[in-house]
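Data first, discussion second: the structure below is written as structure tokens.
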Amino acid sequence: MLDLNLIREDAKAVTEKLKKRNYEVDFTELLLWDKERRELLVKVENMKAERNRTTEEISRLKKEGQNAEEKVSEMKRLGDEIKQLDEKEGALDEKIKDFIARLPNIPADDVIAGGKENNKMISTYKERPNFSFKIKDHVELATTLGLIDYERGVKMAGAGFWAYIGTGAILEWALLNYFVETHIKDGYEFILPPHILSYESGFTAGQFPKFIDDVFKVESEEDTVRFLLPTAETALINFHRNEILDEEDLPKKYFSYTPCYRKEAGSYRKEERGMIRGHQFNKVEMFQYTTPETSDAALEELIKKAEDLVRGLGLHFQTSKLAAEDCSASMAKTYDIEVWIPSMEIYKEVSSSSNAKDYQARRGNMKFRRKTDKKVEYIHTLNASGLATSRIIPAILEQYQQEDGSVIVPEVLRKWVGVDVLKPKK
RNA sequence: GGUGAGAUGACUGAGCGGUUUAAAGUGCUAGUCUCGAAAACUAGAGUAGGGGUAACUCUACCGCGGGUUCAAAUCCCGCUCUCACCGCCA
């Protein structure tokens with residue numbers, strides 16, 4: 001959520017900055033509402049002050065046994081008027097808050113304007129693998145190696161679902177073990193959160209109200225909405241909602257493993273077959289709560305951690321800095337790590353590392369107290385996948401495939417997988 | 001699922017229509033005293049939003065939302081959560 005003061009002070013500048021992400025907004029109406037609301041506030045607060053004074057007077061008169069009837073009826077009239085103005089002010093306040101809640105975050109100054117086409121590749125690891133034979137895609141490999149059952153996944157749940165079977169499940173679990181082990185070693189606290197969250201949690205993350213149709217709602221009795229989390233970030237951002245933390249307790253570093261549930265409505269494409277885009281996938285998510293002055297450095301740390309995980313697997317990947325429009329609505333700055341999928345000849349995201357700055361903190365009312373002057377300020381929040389498996393498995397299968405249809409297991413995973421090479425079933 | 005009790009500031013805890021601008025204690029921060037500390041004493045200290053160049057001042061907040069009243073932490077209704085006991089259950 002953006003700071004209303006920012007818009008009051010220089011609406012034009014905010015409009016300009018949001019244009020970087022191709023977001024058009026006109027604040028004229030909002031500023032009128034705000035002006036009207038503030039005028040109402042002054043008026044109604046003066047009336048309340050008057051009521052408070054008179055109430056004390058009535059109290060005193062009664063105690064002295066004097067007649068207070070006249071004052072009482074006067075206050076009755078004033079009370080009615082206050083109630084009316086209060087309601088008006090409340091309605092305006094609601095309108096203003098809703099308007100602001102729908103605005104995306106302002107891109108950081110160093111973020112390039114425009115859409116996807118302006119994403120900037122900043123580094124790569126390893127060369128693109130060259131194959132001297134005709135390569136298979138990951139769907140074929142996963143099927144012939146007996147790792148994933150796509151057909152039965154669809155039978156059980158419909159399109160966009162699959163099942164890990166046998167060694168495939170073991171490989172998936174090995175990846176998760178590898179991620180978890182690394183994060184624990186790096187001093188991040190492991191949290192297994194609830195998977196079904198409340199509306200409030202979705203609001204803080206920035207999912208709601210705008211993107212409520214992108215999630216699976218599981219319960220909607222009257223006004224309670226619960227939904228399956230689309231990423232563990234949605235849970236972790238709410239861990240400290242409505243809290244004031246101490247500066248010396250920062251940064252808070254967490255990570256979670258959860259499946260992620262996404263509707264992905266209408267986003268299916270032919271080339272995204274297999275497990276490139278599903279309604280449910282496994283992901284380990286890193287998360288940090290930091291002070292404003294340390295959040296940039298924290299973002300660097302998160303990116304490096306995510307890159308190290310992919311490097312550890314020996315996969316060819318690139319890291320890109322996203323242009324403004326490609327950053328999700330809550331984020332001021334985002335870097336993607338994209339792994340090479342040989343059969344598609346494209347890079348696919350396996351990790352997204354972002355700094356939300358104070359955008360989510362405002363939505364969830366999360367602050368910290370300065371050690372020096374005891375003042376409270378909004379905290380900064382950051383998240384990064386570390387990592388999502390649903391594209392790592394295709395990348396491993398395809399990048400490590402051999403001519404005979406077998407696949408070499410990355411060394412770091414062998415202690416869990418138990419074999420060095422995955423061989424086709426006869 | 002049932003019954004009962006409860007939710008007050010950093011914490012413990014009083015208040016149950018109008019001397020509450022929320023008692024008292026603990027803890028916290030300054031200061032006095034001290035070589036230093038402890039003790040004692042003095043003062044200060046929440047969050048949010050307005051107004052004012054400023055000193056300052058006003059409003060709201062006693063789990064959340066409504067209601068009654070001239071006036072609500074206090075009375076009424078709904079909700080949420082916590083605790084205890086009972087039932088059911090992996």
Side-chain angles (χ1 to χ4, degrees), chain A residues 1-9 30-101 192-204 208 218-227 238-250 358-379:
Chain A
M1 197 151 62
L2 299 184
D3 184 358
L4 177 56
N5 280 317
L6 224 54
I7 301 168
R8 276 183 196 149
E9 277 159 24
L30 179 75
L31 289 171
L32 282 174
W33 295 341
D34 181 51
K35 187 162 171 268
E36 193 184 344
R37 187 186 83 92
R38 284 203 280 177
E39 283 166 4
L40 263 174
L41 259 187
V42 172
K43 204 165 154 188
V44 79
E45 283 184 359
N46 281 333
M47 289 164 78
K48 281 180 184 172
E50 167 76 13
R51 179 175 65 186
N52 286 346
R53 276 192 299 272
T54 311
T55 298
E56 278 169 40
E57 200 181 333
I58 289 171
S59 176
R60 191 186 42 112
L61 287 174
K62 289 213 165 177
K63 195 153 298 151
E64 291 170 0
Q66 297 191 43
N67 189 344
E69 277 314 303
E70 198 179 318
K71 288 281 176 199
V72 166
S73 59
E74 197 181 305
M75 279 308 97
K76 204 167 185 165
R77 272 206 318 280
L78 187 65
D80 288 342
E81 213 173 325
I82 287 173
K83 199 173 162 184
Q84 268 186 15
L85 292 181
D86 254 349
E87 271 167 24
K88 216 168 145 188
E89 188 273 328
L92 270 173
D93 192 44
E94 191 104 335
K95 255 160 68 173
I96 291 166
K97 285 206 172 116
D98 186 65
F99 188 104
I100 292 181
L192 290 172
H195 297 183
I196 299 173
L197 304 175
S198 61
Y199 181 89
E200 194 82 59
S201 289
F203 180 87
T204 301
F208 306 155
V218 292
E219 193 181 314
S220 37
E221 303 166 4
E222 284 123 76
D223 39 347
T224 67
V225 174
R226 277 180 226 271
F227 65 101
N238 285 282
F239 195 69
H240 290 295
R241 168 150 50 88
N242 281 324
E243 290 183 25
I244 298 177
L245 303 170
D246 287 325
E247 186 177 3
E248 52 262 51
D249 292 337
L250 298 177
D358 65 359
Y359 184 90
Q360 292 176 317
R362 283 178 189 280
R363 298 177 83 90
N365 189 29
M366 292 176 273
K367 302 181 178 178
F368 73 101
R369 195 178 298 280
R370 287 274 182 205
K371 201 175 175 182
T372 45
D373 58 4
K374 307 281 175 198
K375 289 270 186 287
V376 293
E377 271 179 62
Y378 285 107
I379 220 161

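Letters A, B, ... are given to chains in the order of the sequence lines, protein chains preceding strands, and every chain is numbered from 1. All of these numbers come straight from a predicted model, not from anything done at the bench.
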Find the partner of G1(B): check Watson-Crick (N1-N3 plus N6-O4 or O6-N4) and G-U wobble (N1-O2, O6-N3) distances, both under 3.5 Å, and reply none if neither fits.
C86(B)
Rounded to whole angstrom, note down the P distance from G6(B) over to G15(B).
12 Å
Arg77(A): which residues meet the side chain to side chain contact (heavy atoms under 4.5 Å, CB included) condition with it, sequence neighbours left out?
Glu74(A)
When the nearest nucleotide of RNA chain B is assigned to Gly79(A) and to Arg8(A) on a heavy-atom basis, which residue is associated with the more 5' position?
Arg8(A)
Sequence neighbours excluded, which residues qualify as side-chain hydrogen bond (donor to acceptor under 3.5 Å, both in side chains) partners of Arg38(A)?
none
By side chain to side chain contact (heavy atoms under 4.5 Å, CB included), Asp3(A) pairs with (sequence neighbours left out) Asn5(A), Leu6(A), Arg362(A)
According to salt bridge (charged side-chain N to carboxylate O under 4.0 Å, His left out), does anything in residues 85-96 of chain A pair up with another residue at least two apart or in another chain? List the pairs.
Arg37(A)-Glu89(A), Arg37(A)-Asp93(A), Lys48(A)-Asp86(A), Asp93(A)-Lys97(A)
Span that lies between the P atom of G4(B) and that of G17(B), in whole angstrom:
24 Å
Under a 3.5 Å limit on both distances, the Watson-Crick or wobble mate of C81(B) is G6(B)
Just to verify, what does Glu200(A) make a side chain to side chain contact (heavy atoms under 4.5 Å, CB included) with, not counting sequence neighbours?
Ser198(A), Arg241(A)
For G87(B) and U26(B), measure between their P atoms and round to the nearest Å.
45 Å
Under a 4.0 Å heavy-atom criterion, RNA chain B is touched by chain A from G18(B) to A71(B)
